[in-house]
Amino acid sequence: MGKYSNGSKKCHFGGEKNEAQQHIKTMLKPVSNGNILLACLADCPADNHARPLAQFLYETLAMILRIKNRVKMKTPTEVKFDKVVKVGFHEVLKPLGFKKKGNNFYLQLENLGQIINIQKSSYYSKDHINFTINTGIFLPEYWKGLFYNQDKEVPSFPTEPECLIRKRIGELRNQNDTWYDIDDNTEESQLISEMRANLENFILPYFNQLNTKEALLDFLNSEKLIVAPLAKLIVYGESKQLDRAKAEYTGTLSEIKNPHFLETVREYGQKYGLE
């Protein structure tokens, strides 16, 4: 291998160094000024070996960037959906202390948490988005009791399915299951107003009624709620409300027919001293 001499303008295989460097750097500009590998090629002695390699890397990187740009491009419908989430939800909930993660908003209170989830239909397309609003009340005691033998930490940002009480916007509005549509013809400002009305008239007032653990336990005891199996038993047991736990335990035992589930119920009975 020949040596390149500092101060000489020609490399071992011939060609002007400055001219070659400028050629490679010019190729790189439209692609990425920060690409380290290609920048090194531009600064090293250029010859008949370096130029084809630089050209190959340039064309490959350009192709990758074109693909990435196509993937990142959002349809008008997706842009409208993002605007509905931002203006219809985030701008209302952020000043109230809600944290955002994806299409979820979570407010951590002293003894419980409140979550709002914007759920897209699994059948949606980029040009037609169908979504609904889920709400949840998260109680750490329920989580601890549910996973007491699995050594799991209480999540700092729980998901809506992990909540003790879950309700959709249709139920909060006292109507059928409610979904909203966005497509190219949707006027997003009207939809944003409707989302803000959902928050201000239904979701936030509901949350305000259940903003303490005591209020949540009374609500759980008085309402005929659809909750996960053993949810009430676990919450009452973890909260040391043994009279309620005993009543729930006895009632559950009388209804269970599955022997495997019956065994699980009895394990909780032993855990809370209800046998």
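Counting begins at 1 with the first residue of the sequence.
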Step through the shown structure and confirm whether more than 12 heavy atoms of other residues, nucleotides or ligands are within 6.0 Å of [atom1] on [X].
X: Y124; atom1: OH; answer: no
X: N208; atom1: CG; answer: yes
X: D177; atom1: CG; answer: yes
X: K83; atom1: NZ; answer: no
X: K99; atom1: NZ; answer: no

Heavy-atom side-chain contact between [X] and [Y] under 4.5 Å:
X: V227; Y: V235; result: no
X: L199; Y: L93; result: yes
X: E91; Y: R196; result: yes
X: F138; Y: L109; result: no
X: F219; Y: Q209; result: no
X: N198; Y: Y180; result: yes
X: F261; Y: L230; result: yes
X: R166; Y: N134; result: no

E187 and S189 side chains, donor-acceptor separation under 3.5 Å =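 Distance-only check passes for S189 and E187.
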With distance as the sole criterion, is a donor-acceptor pair present between the side chains of N201 and R173 under 3.5 Å?
->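 Checked: N201/R173 side chains show no N/O donor-acceptor pair below 3.5 Å.
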Test log, rule side-chain contact (heavy atoms from CB on, under 4.5 Å), inputs Y236 and D243 | CA-CA 8 Å; Y236 294 147; D243 289 342; over 6 Å; no
I need the [X] [atom1] to [Y] [atom2] distance, nearest 0.5 Å.
X: T75; Y: M73; atom1: OG1; atom2: CE; result: 10.0 Å
X: E171; Y: I133; atom1: CD; atom2: CD1; result: 13.5 Å
X: F89; Y: K100; atom1: CZ; atom2: NZ; result: 11.0 Å
X: K213; Y: L112; atom1: NZ; atom2: CG; result: 9.5 Å
X: T77; Y: D82; atom1: OG1; atom2: CG; result: 11.0 Å
X: E160; Y: Q119; atom1: CD; atom2: CD; result: 7.5 Å

Path from [X] to [Y] over hydrophobic side-chain contacts below 4.5 Å:
X: V79; Y: M195; answer: no
X: Y106; Y: L172; answer: yes
X: W179; Y: I129; answer: no

If you compare all heavy atoms of [X] against all heavy atoms of [Y], which two are closest, and at what distance to 0.1 Å?
X: I116; Y: I203; answer: CD1-CG2, 3.8 Å
X: K80; Y: I182; answer: CB-CG2, 3.8 Å
X: L233; Y: E248; answer: N-CG, 3.6 Å
X: G237; Y: A245; answer: N-CB, 3.9 Å
X: V84; Y: F131; answer: CG1-CZ, 4.4 Å
X: H128; Y: D181; answer: NE2-OD1, 3.0 Å

Is there a donor-acceptor pair under 3.5 Å between the side chain of [X] and the backbone N or O of [Y]?
X: S125; Y: Y123; answer: no
X: W143; Y: L164; answer: no
X: S239; Y: Q241; answer: no
X: E162; Y: T159; answer: yes
X: T250; Y: A247; answer: no
X: K167; Y: T135; answer: no

Among pairs that include at least one residue of residues 262-275, which meet side chain to side chain donor-acceptor pair (under 3.5 Å), considering only residues two or more places apart or in two chains?
->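 Every side chain to side chain donor-acceptor pair (under 3.5 Å) pair that includes a residue of residues 262-275, provided the two are not neighbours, is E238-K271, E238-Y272, Y249-E275.
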Passes side-chain contact (heavy atoms from CB on, under 4.5 Å), I137 versus Q114? Steps please.
-> CA-CA 5 Å; I137 307 294; Q114 300 171 339; 4.1 Å; yes
Pair L253-L262, side-chain contact (heavy atoms from CB on, under 4.5 Å): steps then yes or no | CA-CA 7 Å; L253 285 178; L262 185 62; 3.5 Å; yes
For K74 and F81, run side-chain contact (heavy atoms from CB on, under 4.5 Å): C-alpha distance rounded to whole Å, both residues' side-chain angles, the deciding distance at 0.1 Å, then the answer.
-> CA-CA 10 Å; K74 293 189 175 183; F81 175 79; over 6 Å; no
